Amino acid sequence: MKEFSLIERISRRAHARADVVCGIGDDAALLTVPAGQQLVVTMDTLVAGVHFPHETAPADIGWKALAVNLSDLAAMAATPAWCTLALTLPDSDSVWLEAFLDGFFALADQHRLVLVGGDTTRGPLSITVTAHGWVDAGEAIRRNGARPGDAIWVTGTLGDAAGGLAQWRAGGGHSAELRQRLDRPTPRIEAGLALRGLAHAMIDLSDGMLADLGHVLQASQPLSGPLSARLELARLPTSRALADAFAEPARWPLQMAGGDDYELCFTAAPEQTEAILAALSACAVPACQIGMLDTGASGVTVIDPAGQPWHARRHGFDHFREDTP
Ligand code: ADP
Ligand code: MG
């Protein structure tokens, strides 16, 4: 297959949308941003062997390449609209491509997200997606709004993807549920939208709770003054599958620093607890409070179920750390 027929295969599956004046096929896409909206743009790259095991099913790679971007839109409380796809493929394998597109469009179609362009090149397998969405001007939920006294919340459950990855690395028995959470994360778009006007700060959990909550503290200090967080391990939302596969304390590092959760972590005034539970249950997304913010610059303190401080060996995934596997 030539580059043109690859693009043709991709283009055939892209839908139309009224705000896409011109999608795939011209030199660039031409898009109409609705009046009164701000454009929200994000990009993430997945590299084979770094972000997913080489043997990952192509449909799962397609799903995940988009999911990690939609998770960023969710964390801004944005409504998804358009995306572009840069594909670097080792060869022009139409079976692989169609399976990849099955996963990609299964998720895109759920959110009425339309593919409007991209680039196709040859090389080691790597996928870059940009996702574009919008928010009412001024309504985005940023990382920098956390305040002392806020409750710290998280959606869904923590540590499942990291548990699935740990099982895959160990090569022994594995849980299909954990592997599914690694390969097919659910971007929390509806939850992000439901939290407008309720959450003070929000981030999606890609690198691990400790690292990502650290980003919120750091971003919020200029406005809030010194901020510290106290997290309680006894409150961590834990799936049945993770609890069955990993006992305490072995699962805590997976839940606090494993990464790839793609859940939302947000902070909000304690008075909003009922309103938040109602807003999230309306979109069927579970969420729970796992700690509190306070004044003081002591960073994140983690308390174990016996009330003692717990120290993580590492805080989260970092590509440029010396000891990153
Ligand atoms: P150019 O040389 O102008 O960059 P290309 O041949 O790269 O043009 O692309 C032609 C059209 O196909 C453009 O509209 C581009 O956005 C689209 N396109 C190329 N690769 C992809 C892809 N992987 N996914 C979606 N659209 C793509
Ligand atoms: Mg090009």
Side-chain angles (χ1 to χ4, degrees), residues 1-34 37-74 76 78-134 183-187 189 204 206 262 319:
M1 243 190 333
K2 299 219 181 70
E3 181 187 328
F4 175 77
S5 37
L6 284 169
I7 297 174
E8 227 282 305
R9 271 176 193 272
I10 297 170
S11 158
R12 233 186 275 156
R13 301 181 60 161
H15 295 300
R17 247 180 86 123
D19 49 26
V20 179
V21 181
C22 168
I24 296 173
D26 211 314
D27 296 309
L30 191 57
L31 310 165
T32 308
V33 182
Q37 305 284 301
Q38 287 174 315
L39 188 60
V40 183
V41 180
T42 183
M43 172 163 76
D44 267 307
T45 296
L46 298 192
V47 177
V50 177
H51 297 93
F52 55 88
H54 285 281
E55 41 118 83
T56 305
D60 290 338
I61 299 171
W63 175 286
K64 188 164 180 176
L66 184 54
V68 300
N69 280 279
L70 288 181
S71 180
D72 283 320
L73 291 187
M76 298 297 283
T79 301
W82 316 298
C83 65
T84 59
L85 169 65
L87 262 182
T88 301
L89 304 173
D91 46 47
S92 68
D93 176 344
S94 62
V95 175
W96 189 96
L97 180 68
E98 291 295 345
F100 172 89
L101 296 174
D102 287 344
F104 186 90
F105 284 108
L107 181 58
D109 294 351
Q110 276 184 20
H111 295 284
R112 290 193 57 242
L113 181 86
V114 168
L115 180 65
V116 296
D119 201 23
T120 307
T121 52
R122 185 167 197 164
L125 180 59
S126 156
I127 302 102
T128 298
V129 173
T130 65
H132 305 233
W134 56 59
D183 290 336
R184 295 221 170 200
T186 306
I189 292 289
D204 73 313
S206 53
Y262 301 105
H319 285 278

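Each residue takes its place number in the sequence, starting with 1. Atoms within a ligand are numbered from 1 in the order they appear, just like the ligands themselves. This is a predicted model, so every value here is computed, not measured.
Trp96 and Asp91 are not linked by any side-chain donor-acceptor pair at a separation below 3.5 angstrom, with hydrogens and angles left out of the test.
Against a heavy-atom cut-off of under 4.0 Å, Thr120 is close to the following atoms of ligand 1: 19 (C), 20 (N), 21 (C), 22 (C), 23 (N). Near Asp27, with a cut-off below 4.0 Å to any heavy atom, the atoms of ligand 1 are 3 (O). Close approach of ligand 1 to Gly25 (heavy-atom distance below 4.0 Å) involves ligand atoms 11 (C), 13 (C), 14 (O). The Leu85 neighbourhood of ligand 1 comprises atoms 22 (C), 23 (N), 24 (N), with distances under 4.0 Å to a heavy atom of that residue. Proximity to Ile24 (heavy-atom distance under 4.0 Å) selects the following atoms of ligand 1: 12 (O), 14 (O), 17 (C), 25 (C), 26 (N). Counting atoms of ligand 1 from 1 in the listed order, those under 4.0 Å from a heavy atom of Leu115 are 25 (C). Less than 4.0 angstrom separates some heavy atom of Glu3 from each of these atoms of ligand 1: 6 (O).
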- prompt: Passes salt bridge (charged side-chain N to carboxylate O under 4.0 Å, His left out), Arg184 versus Asp60? Steps please.
  reply: CA-CA 6 Å; Arg184 295 221 170 200; Asp60 290 338; 2.7 Å; yes
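With a 6.0 Å radius and a threshold of 12 heavy atoms from other residues, nucleotides or ligands, Arg112 has its CZ atom at or below the threshold.
Taking CD1 of Ile61 as the reference point, atom OG1 of Thr56 lies at 5.0 Å (rounded to 0.5 Å). To the nearest 0.5 Å, the span separating CG on Leu97 from CG on Leu87 amounts to 6.5 Å.
For Ala28 against Cys22, the heavy-atom pair with the smallest separation is O-SG, 4.1 Å.
Ligand 1 has an N or O atom lying under 3.5 Å from an N or O atom of Gly118, backbone or side chain.
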